[in-house]
Number of protein chains: 2
Amino acid sequence: MTDDRPDLAAMLYPLMRVLIAAETPILAAHDVSMWGYAVLTALDETPVRTQAALAAAIGADKSRIIGTLDELQAAELIERTPDPDDRRVRLLSITAKGRRVRRAVRKGIRAYEDELLSSVPAADRAGFLRSLRALSGR
Amino acid sequence: MTDDRPDLAAMLYPLMRVLIAAETPILAAHDVSMWGYAVLTALDETPVRTQAALAAAIGADKSRIIGTLDELQAAELIERTPDPDDRRVRLLSITAKGRRVRRAVRKGIRAYEDELLSSVPAADRAGFLRSLRALSGR
DNA sequence: CGCAATCATATGCAGCTGCTTATGATCCAC
DNA sequence: GTGGATCATAAGCAGCTGCATATGATTGCG
């Protein structure tokens with residue numbers, strides 16, 4: 001064990017702040033909240049059955065996420081339809097509009113990330129992304 | 001540009017939560033808050049002149065950090081002495097006790113991190129750490 | 001059928017955060 | 001000497017978060 005590197009959290013924290021700061025105007029330009037974008041992303045990528053399961057999937061609080069879902073629905077970015085097999089459940093789906101918005105936001109974010117990552121050697125970058133992917137469980 | 005990876009923030013966020021969850025009991029065992037540990041770490045590694053500069057260095061709010069400094073001082077982990085050259089300033093320094101506590105916490109955290117990172121191939125791990133270091137500005 | 005579990009929803013509580021404003025003391029350039 | 005800047009400190013405000021509780025409706029098992 002060497003003492004030559006900071007704790008992971010100490011490195012992740014400022015990076016996280018930089019990313020959030022960069023994403024904020026991108027999200028604002030599309031009138032989407034950060035949790036709203038997380039919801040759109042989840043729905044765009046994987047089917048999910050219940051709102052609670054969605055909340056768990058994106059690390060959100062199942063109660064707090066309701067407001068976000070309300071906003072997304074009002075903006076016609078998602079739809080909620082009753083599940084014919086279980087009257088407690090409202091099935092979630094992303095609309096075509098929601099898909100477009102999500103992908104536009106992601107494009108902006110990706111452009112920023114690519115620029116950020118371009119300062120890192122390609123071999124390290126690949127290792128970084130692979131590690132990050134493995135460590136984040138996705 | 002490929003679509004085959006999640007946004008950085010989407011990967012960093014769960015990793016950050018995992019790290020925080022792991023650190024929480026370690027910090028509690030030493031009766032140190034997370035900001036307290038960040039302060040101790042900063043003081044243990046680099047001299048800093050003013051409290052405001054310390055706050056900036058660790059990404060904390062200069063007003064909010066006062067309470068943390070009060071606690072650390074009460075626990076005799078840091079000392080605040082008036083700067084003879086500038087009566088507005090209180091110079092900060094870590095005590096020997098503070099140094100011991102900080103290093104004990106770091107040891108616990110490092111053990112966890114090493115275990116976590118052991119699931120990643122060594123080459124990727126090195127690339128990960130180098131990238132993280134470069135991207136976090138430290 | 002009864003009951004525990006689950007769903008969506010709402011909300012309270014405590015804590016934290018970012019930002020701001022304010023205070024009194026001190027510093028320093030003009 | 002004056003005034004703006006800086007320091008430490010305190011606290012307001014609004015927003016967010018994690019967790020818990022509660023409600024009414026629904027489901028599914030014993």
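Basis for what follows: all heavy atoms, side chains included, without hydrogens, waters or symmetry-related copies. In this text, all values refer to a predicted model and were calculated from it rather than measured experimentally. Order of the sequence lines fixes the chain letters, A, B, ..., with proteins taken first and strands second; residue numbering starts at 1 for each chain.
Nearest-nucleotide positions on DNA chain C for A:Arg49 and A:Tyr13 put A:Arg49 closer to the 5' end. Between A:Pro84 and A:Gly59, the residue anchored nearer the 5' end of DNA chain D, judged by the nucleotide with its closest heavy atom, is A:Gly59.
Note: A:Phe128 and B:Phe128 have parallel aromatic rings, judged against thresholds of 30 and 60 degrees for the angle between ring planes.
In this structure, the CE atom of B:Met16 is 16 Å from the P atom of D:dT17, given to the nearest Å. Look at CD on A:Gln51: it is 18 Å from P on D:dA25, rounded to the nearest Å. Between the CD atom of A:Gln73 and the P atom of C:dA8 there is a distance of 13 Å, given to the nearest Å. Rounded to whole angstrom, the span from the CG atom of B:Leu91 across to the C1' atom of D:dC7 amounts to 12 Å. When the P atom of C:dA10 is taken as reference, atom CG of A:Asp61 falls 13 Å away, rounded to whole Å. Rounded to whole angstrom, the span from the CZ atom of A:Arg90 across to the P atom of D:dA25 amounts to 15 Å. Going from atom CD1 of B:Ile20 over to atom P of D:dT17 covers 13 Å, rounded to whole Å. Across the protein-nucleic acid pair, B:Arg17 atom CZ and D:dT17 atom P stand 10 Å apart, rounded to whole Å.
In this structure the side chain of B:Arg133 never reaches within 4.5 angstrom of the side chain of B:Arg130, judged on heavy atoms.
Taking the side chain of B:Thr50 as heavy atoms from C-beta on, and the options D:dA8, D:dT27, D:dA10, the nearest nucleotide is D:dA8. Of the candidates C:dA8, C:dT6, C:dT9, C:dT6 carries the atom nearest the A:Arg88 side chain, counting heavy atoms from C-beta on. You'll find that the side chain of B:Ser63 is closest to D:dT9, out of D:dT9, C:dA10, D:dT26.
Around CG of A:Asp61, the count of heavy atoms belonging to other residues, nucleotides or ligands within 6.0 Å exceeds 12.
Salt bridge B:Asp44/B:Arg106: absent, no basic N to carboxylate O contact under 4.0 Å.
Between A:Arg87 and the phosphate of D:dG28, there is no side-chain N or O to OP1/OP2 separation shorter than 4.0 Å. Here A:Trp35 reaches the OP1 or OP2 of D:dT17: one of its side-chain N or O atoms lies under 4.0 Å away.
Note that the CG atom of B:Leu92 and the CD atom of B:Gln51 stand 5.0 Å from one another [nearest 0.5 Å].
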